2 protein chains.
Amino acid sequence: MTRPIKKSEATCARILDAALDMFRTRGFEETTMRGIAAAAEVSLGSAYYYFESKEDLVMAFYERAMEAMAPRIEAALASTAGFEETVGALITVKFEYFQPSRNFLGALLKHAADPRNRLSPFSKATRSIRERDQVYFGRAIAQSRDVRVPDELSPHLPMLLWLYQMGLILYWIYDRSPGQRQTRLLREKSLALLVGGLKISRFALLKPLRTKIVELIVLAEGGTSHGASEDA
Amino acid sequence: MTRPIKKSEATCARILDAALDMFRTRGFEETTMRGIAAAAEVSLGSAYYYFESKEDLVMAFYERAMEAMAPRIEAALASTAGFEETVGALITVKFEYFQPSRNFLGALLKHAADPRNRLSPFSKATRSIRERDQVYFGRAIAQSRDVRVPDELSPHLPMLLWLYQMGLILYWIYDRSPGQRQTRLLREKSLALLVGGLKISRFALLKPLRTKIVELIVLAEGGTSHGASEDA
DNA sequence: GTCTATATCGGGATAGAC
DNA sequence: GTCTATCCCGATATAGAC
């Protein structure tokens, strides 16, 4: 209790390290709990003592990833570049960090569509991670001088940008072009188009369209579990 | 051989019926092959004799669904209503048909995001089903008199409408509002907005924007496995 | 050709002994 | 806290009844 490093912590870390390593190299499905236990030199039962399920190990992976990316994200936000560059940089951090785990993420995103699945980026369990990431986009918007977002749209924009990022990541995971060139192109072109759209979204002429779009966004958000009201 | 109804067909149908029933009531993961065999009153071996895997039973479900919906879809296309109504009717057929299987579809869509998974609506295995459905949307476009789609956009529109439909279905599956009211609202409003967008997409003023969007669509299609070139 | 019974394997998860 | 033994399930394989 008094010592900072207990034996149990070391065991726990050893299991997690072994798991993440195998997840990265072999993927999620291919990695077995028996394999993890063997690599960590503990029994199967011990592995389950520390992590209730294979999914729990994935949650730990998410947490670690967000922690590791935080300083790089701060660096991206600290630069004085324009809005498009800053958002592009935020997204690039993710792509670079997840590059070695691309296959693993692929296996994970099988569960992505189901917000009831703990591992889904839309689940309650991943909520804090998701919100932390959306706050980064919010800061990019707040500090940008070259793009002024209409007031009705701005409360939704962090979420929308995050969603856009998730779409890109999904595309990237299944992109089979060499070096995922296709995703890079799509990322650049779509971001330019998106920022262009935001810039003209203030035009008075577009007011009715804008209103309808915001209505739709509010409506869509209302039906999700991570919206304002949580239960049902 | 000569008799229309062979014993094997009856057995096969019994297994499929039992499976679909259990899928609907209990969900995909919770339904076991042993359970299916027991409900169909055949041995486990027999179940595997007719269906190579649990996934095969799901494929049979898809096939059945498309067959069952075909006449209703034809009826929707036969009406002389406008474009928005016709597309709305096409989509409504799906919602009504899949209503009793909503939970089951939820379990399925765990695999949806992975185009390499056979059960994914984006997979090679489901390709013919997907294309058949897209053709329906193509017919709705072709016969519509109130909406003229720009030439650059029209080859992509059946796919885009199908994708839009899939998005709505995904939303619907996880919609927890009573009677999935939320989805109905979203469906109506988004379709109106979409058709409105299509109508103004012909304006000469929007030509540069249109070009960029089409470029983006072509780019995105190029990276998918169900695009023009199939392998890699 | 149709079907049963049964054995086997790999893998996630759990119970209970120590 | 750790391990062994066990269970369940999907999947495969096989031998043989009819």
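The sequence lines fix the lettering, A, B, ..., with proteins before strands; numbering per chain opens at 1. Source: prediction; values computed, not measured.
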Atom-pair distance ([atom1] on [X]; [atom2] on [N]), nearest Å:
| X | N | atom1 | atom2 | value |
| --- | --- | --- | --- | --- |
| B/Glu41 | C/dT2 | CD | C1' | 17 Å |
| A/Lys7 | D/dG1 | NZ | P | 10 Å |
| A/Phe51 | D/dT2 | CZ | P | 12 Å |

Please tell me if [X] has a side-chain N or O lying less than 4.0 Å from either OP1 or OP2 of [N].
| X | N | result |
| --- | --- | --- |
| A/Tyr49 | D/dG1 | yes |
| B/Ser8 | C/dT2 | yes |
| A/Thr11 | D/dG1 | no |
| A/Ser46 | D/dT2 | no |

Those residues that, when tested against [X], pass salt bridge (Lys or Arg N to Asp or Glu O under 4.0 Å) (two or more places apart):
| X | value |
| --- | --- |
| B/Arg132 | B/Glu63 |
| A/Glu41 | none |
| A/Asp21 | none |

query = Any Lys/Arg nitrogen of A/Arg181 or A/Asp175 sitting under 4.0 Å from an Asp/Glu carboxylate oxygen of the other?
reply = no

ask   = Would you call A/Arg64 and A/Asp17 a salt bridge, using N to O less than 4.0 angstrom?
value = yes

message = Suppose the criterion is ring-ring contact (aromatic ring centres under 6.0 Å, His included): which pairs have a residue in residues 19-51 of chain A, not counting sequence neighbours?
response =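 Those involving residues 19-51 of chain A are A/Phe23-A/Phe28, A/Phe23-A/Phe104.
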
ask   = When rounded to the nearest 0.5 angstrom, what distance separates OG in B/Ser120 from CZ in B/Arg130?
value =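 Interatomic distance, B/Ser120 OG to B/Arg130 CZ, rounded to 0.5 Å: 7.5 Å.
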
Can you name the atoms? Protein N/O to nucleotides 10-12 of chain C N/O, anything below 3.5 Å, with the distance.
residue	atom	partner	partner atom	Å
C/dG12	OP1	A/Thr31	O	3.3
C/dG12	OP1	A/Lys54	NZ	2.8
C/dG12	OP2	A/Met33	N	2.7
C/dG12	N7	A/Arg34	NH1	2.6
C/dG12	O6	A/Arg34	NH2	2.8

Under 3.5 Å, which N/O atoms of the protein pair with N/O atoms of nucleotides 15-17 of chain C?
none

Main-chain N/O of A/Thr126 paired to A/Ser123 side chain as donor or acceptor, under 3.5 Å = yes

